Each structure stands twice: as C-alpha cells, then as structure tokens.
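First the structure, in the form of structure tokens, and then the observations on it.
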2 protein chains.
Amino acid sequence: MITLDDVAQKAGVSASTVSRVLNNTGRVSDKVREHVKNVIEAMGYQPNSNARALASKRTEVVGLVTPNISLSFNSVLASGVSELVQQRNYKMLVTNSYNDKRNEINAINSFRAQGLENILVHSHALSDRELVALATDIKGLVVINRFIKKIAHRCVWLDNVEAGKVAAEYCLNRGHTKIAMMMHKHQSNDDKRRIEGITLALNEKGLSVNPDAILYGKGGEDLGRKLAKQLIESELEYTTVIAYNDLIAAGALNEFQDQGIRVPEDVSIIGFDNLFICTLTRPSLTTIHHPICEMAKYAANLSINLVDAETETNKDTHLFLPTLVERDSVYAIQ
Amino acid sequence: MITLDDVAQKAGVSASTVSRVLNNTGRVSDKVREHVKNVIEAMGYQPNSNARALASKRTEVVGLVTPNISLSFNSVLASGVSELVQQRNYKMLVTNSYNDKRNEINAINSFRAQGLENILVHSHALSDRELVALATDIKGLVVINRFIKKIAHRCVWLDNVEAGKVAAEYCLNRGHTKIAMMMHKHQSNDDKRRIEGITLALNEKGLSVNPDAILYGKGGEDLGRKLAKQLIESELEYTTVIAYNDLIAAGALNEFQDQGIRVPEDVSIIGFDNLFICTLTRPSLTTIHHPICEMAKYAANLSINLVDAETETNKDTHLFLPTLVERDSVYAIQ
DNA sequence: CTGAAAGCGCTTACAG
DNA sequence: CTGAAAGCGCTTACAG
C-alpha cells in the first residue's frame, strides 16, 4: 500500500502540501499542484479513507437502514441512494432492519460508531418521538417516506392524503362508489392518511367510506390473496379495491381470477408504488406512482448537505406528490 | 463522543487493557475483564471503527459490487450478503456497476482504499483474466455466480450446464422436442453453458439444437417481448422456449398472450432464477431455481474466512446446483 | 504558498 | 496479567 508520505517524498514536498492538493483546500501554487497531481497519478495513489475519516472526523459514506432490501420497493430506494452517492463520491452502507426496532437502533448506532452522520432511515418500527430524538442527535439523519412534524425539514415524504384522494377520484370517475381497501398497518400511519384521502374524495361526492370494507393484515402477495378470500367470503359490497401496495394488489388480482372472478369486469383493483411488476400481471395494474427513486436521491443529497457545513442548511419541507398511472385493472362502469 | 481512553480512565486501567477486553485478545484477569465490561456498558461506549481499522489494518466490512441493485436478482443477492454480514457483525457496502467495466474497477479500488479486502463481485463486464489478476491481489475477493478455473476456490457458482440440462429434460419429458431459446450475452458465458446443457439433454434423445432458434438480445421484460415478436414472425418451429431469466420469460409470456397465442397450450415457457414474480404471472412460471441467496451468504462467509487468517483457507470449489420448480407454464403434450 | 508537528482513537509488540 | 509507547495514514491549526 502506498501512502501520502510516499507521494510527498517522491514529489519532494511535505505531506501537508499533498494533503492540500488532494482536498483542494488551502493555497497551493499551480505549479506545485500540477506536479503533485502528476506524481499521484503516476504512483496510482489512493488515500486511505479510514485515516482520512479519523483525522478529519467525517466519512464520505451514507448509511441506509431499510426493512428488507430484497423487496422491490426497498431495492429501488437503495438504488436511488446508490446513484446519488456515487455521483457525489460517497459510498453506501446498507442494513436490513426487517422492521424490527432493535435492528433499526443497532444499525444506526453502528453507523455512528464510525463517525458516520449521513444516515437515511426508512423506518416502520421506530416511533415519531424516537426518530425526533435521533434526528436531534444526528445532524445528517434524514427520514425517508414518513412525515414527522417536529423534524419536518428532515423528512422526505409523499403526500399520502393526496395519494388516497387521487386513487379514489379515479375510481369515482369510472363509476365506482363502493370501495374496499386492503391495508398494511405501520407506525408511519401511511394507511390512515391514504384512507383520509379516500374519505375526502368520497365525501365530496356525498358518499362515505364503509369502515367494514377496510381490511388489514401483514404481508405482500400472500396478504393480497388472503384479503381477497376474506372479501369474497364476506357480505360486503364493493366494485373496486384499493390496495396498500402493488404486491398486495397483485396477490388479490390473482386470487380473484383464480376463483373465477374477473378483473376488472367484476372487480377493479388499484395498486400503489408503481413497481415493475405492474406491467407483468394480467390485467396490468393501474396504480399510484410513488417517486421513491427520486425521493431516495433527494434524501441522500439532503443528508450530505446537512452534514456538510459549507452548504446552507435547507429548512424547506420535502414533499413529493403521487400520480396515477393508468393501466388495465380498473373498469369503467359507465 | 466517548473514547477508549475515557473508559480506561474511568475504569482505572490502561488503554491496552480496555482494548484487550474489547477484542477478547491477550490475557486479562476475570476480575478486571468483568469490571471493564461493566464500565463500557455503563458509559455506552462504542469503539470508533475508523480508528480500529486504521490501527489493526482490517475493516469489518464487506463490499459488494453488482450490476444494479434495483433488479430483483441483485437485490436478493445483496440481501443474502446482508444477512450473513449482520450475523458476523460486519457491515455491507454496495455499489452498482451498471455492467460497466470502469465502474466495476473503480468500485473495487475505492473499497481497497479503505483497506477493505472482503470484496464480492458479481461481474458481467470484467474478463476472466482481469478477475484473476484482482483475486491474486486481493485476499478476500470472491467472485459470485461465475466460474473461472484459475481461481476456482474463489468462485461461488452455479452449475449452468446442469441447469440447461434439467430444463431441457423437463421439456423433453413433457413431449417437447423443438426448443427455442431467449438468451442474454455476458462475459460470464452463462448462456453458452446452459445451451451446452440443453444440447446434452437433446443429444441423449438423438435430437439436436436448432442454432437459428437461439435468440439473443439485451434487456429484461422488454427483451422477452421483443424476442417473442421475433419468434412469432419467424418461420421457426418450436413448442417451448427456454428463457435466460424470469423477467425475459415473463415478457415473452405476456407478448405471446397479447397476440392471442396461448401459454402454455400453444407455446410453453420456462424461466430461470425463480424470482418472486414467478407466482405473479398468469400462467405462473415454471423455472429453474437459482439459489442466489444461499450463494450470497456462502460467498460472504468465504470472503471473511479468507481474510481472517485464523480460519483455515478453504481450497474447495464452491458449486451450487439448480433445481426445477414446476408451475403452470409448460404444457404436457402427451 | 509551504512545512513541522500534533492529534484523530485505536492496536500491538515490547517490557515487566 | 498489565502498562507505556509507538504507530496506523491522514488532516489541520500554527508558524513562517
């Protein structure tokens, strides 16, 4: 391994100077700078990032804690972070939390033990108050996909009320008034906000949500299948179901069809997220696009700026808007 | 931030001793060990991993470079690595290469700049010779999903010949003799090996592969659709298509059906990988299971052991076997 | 503009 | 079994 001292010696300058050209900091004459750069290039020198981190007290790494990177939503999120991070010459550390609070905390602590302040959390397990406490402690902590008022400028979130509204309005416009929902409960209360939006849209038309038609559970495709069964066996009236995410929607879609119920002719389904699977199902899935990749990039960038004192801290709120993507799973009754 | 010296002072011992109990190294009396542990616990001390890495010249991090973590195959791979890594108290750094050779090399170099030797590469862009050179340089480099003879004990790979054979035999057993293939070309030559396996199976029955029926291209679902169109417009005879992966298979499956060609009655399709999408398509996708998660865990573990001198170096070859997962996309002609 | 020196928070021979 | 000291490879005031 070749060190900064080796470079300094070879270039006939001091370590300080090499460090300065490396970091583009302090004044160095153009001549010397050029020369040192050449030597660095020639020797193929790469600074040791541990030494650097130790001495400067900052690491060029962002840590991501997310439920489970093998799930599409999470992997798209991670990919967004990865892209921005590579662009800014940072690295990305990833930890799966499996939605377990202890894991989330451990992951964050282990990042901090490294002096790492750029931490992105996509958490369903920690409470608002816990996240607020962490954010106060950790300058670069950014919460993805969740809104917490007290740390609004550290949250990169989606307008879930609007999302619910958009979904419901689309259904209403196509003649659907009896809406069932398949929801997944989380600390983040996404589900509640979406239901709120759906309620708003219905109320505007003088209609209301049937609380019995809001089904809950845990899972993905399997949950969709399970709740579809539940719906089929129930006495509920519904012409469309709004699902918490695309996986649940896809599961439901298949269960309905496997039981001889046509989608969308007999029952319509609308998903959420706009994952790649939406074009794979038959019928393809109409869904709400969740700009998770953009949000991830934005969050990573925000976190880096937050820690990097030179950049002005952004006190804005970071809100993203959902959009409807029309495909074939919602029937036009009229 | 609280340091090792703080702990030492509080405990009334030297830094060396604290370090020893931290690392479970050297002799420390039970009494002192106990006491120091208590102080550590009480103070909530966490060692700085940068300092540790710098002093000891080893980092407890494994770096993964993979084409694109937003794709399911890659994310399952990453998830496997993540799981093992968490288990062994390591962390995982991830970089997307987008199948670009420069990116792969840069990622590896940036890992090394950190003194990181535990590097896992899932590469389609680097040549065998380049990987061999890297492996010689980097003690803990492990190649996932590719076999290179010269560094056989550093490769964790799947028997692709067997995979092709299994797929073809399954088709043959169901009465299919005219097999088309949708392949994706890579440096790794997976495609060639699978074709070899398919050829083997056909030859055993006195049949042979029609080279014109081997279609190539780049992409996922879109490629499947494109090649399906190509197949439909061609004069080729085929009753089944073996796809390079599930995404391609799913795309083809939908294209056929969208054009009124029934799957599997008119044409059968067999995928590869056994991703979660296999149960989402209609018909569900018969496929070859690729134990990528297990392979990822195995590879991560191998890499750690390779670097960790205390563990004996494993000179074995690390071969995994594919298995067929039967679903609904292959028709029994007889 | 440039260099000498101290320091970042650990680990690890070396003594004892 | 335990401690003092040097060193890991950088950065960053501090002088000049």
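Chain naming here is simple, since letters A, B, ... match the order of the sequence lines and numbering starts at 1 in each. Just so it is clear, the structure is predicted and the values come from calculations on it, not from any experiment.
The CZ-P distance, from B/Arg27 to D/dG3, rounds to 16 Å in whole Å. Following rounding to the nearest Å, B/Arg58 (CZ) and D/dG7 (P) show an atom-to-atom distance of 20 Å. Atom CE of B/Met1 and atom P of C/dC8 are 12 Å apart (whole Å). As a whole-Å value, the separation of B/Asp5 CG from C/dC10 P is 8 Å. Rounded to an integer number of Å, the gap from NZ of B/Lys57 to C1' of D/dC10 is 12 Å. Rounding to whole angstrom units, CD of residue A/Gln9 and P of C/dG3 are separated by 13 Å.
Although no hydrogens or angles enter the test, the distance criterion places no donor-acceptor pair under 3.5 Å between the side chain of A/Ser79 and the main chain of A/Val76. The backbone N or O of B/Gly140 lies less than 3.5 Å from a partner atom in the side chain of B/Ser303, making a donor-acceptor pair. Using modelled atom types, no side-chain atom of A/Arg20 and backbone atom of A/Val28 make a donor-acceptor pair closer than 3.5 Å. Under a 3.5 Å cut-off, the side chain of A/Asn96 and the backbone N or O of A/Tyr98 do not form any donor-acceptor pair. A distance-only check finds no donor-acceptor pair linking the side chain of B/Ser19 to the backbone of B/Ala15 [under 3.5 Å].
Contact check for B/His153 versus B/Leu302: no side-chain heavy atoms found under the 4.5 Å cut-off. Using a 4.5 Å cut-off on side-chain heavy atoms (C-beta onward), B/Ser123 and B/Val65 make no contact.
Using bins of under 30°, 30° to 60° and over 60° for the plane-to-plane angle, the ring pair B/Phe73/B/His290 lands in the perpendicular bin.
Stems are defined here as 3 or more consecutive Watson-Crick or G-U wobble pairs with pairing distances under 3.5 Å; those involving DNA chain C are C:1-3 with D:14-16, C:5-12 with D:5-12, C:14-16 with D:1-3.
Sorted by residue number, the members of residues 29-56 of chain A with any non-hydrogen atom under 4.0 Å from DNA chain C read A/Ser29, A/Val32, A/Leu54, A/Ala55. Listed by residue number, the members of residues 11-23 of chain B with any heavy atom below 4.0 angstrom from DNA chain C are B/Ser16, B/Ser19, B/Arg20, B/Asn23.
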Test side-chain hydrogen bond (donor to acceptor under 3.5 Å, both in side chains) applied to A/Ser14 and A/Thr17, step by step: CA-CA 5 Å; A/Ser14 72; A/Thr17 298; 3.3 Å; yes

Residue pair B/Ile40, B/Val21: steps toward the side chain to side chain contact (heavy atoms under 4.5 Å, CB included) verdict: CA-CA 10 Å; B/Ile40 287 174; B/Val21 346; 4.2 Å; yes

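Residues B/Gln114 and A/Lys91 bring a donor and an acceptor atom of their side chains to less than 3.5 Å of each other.
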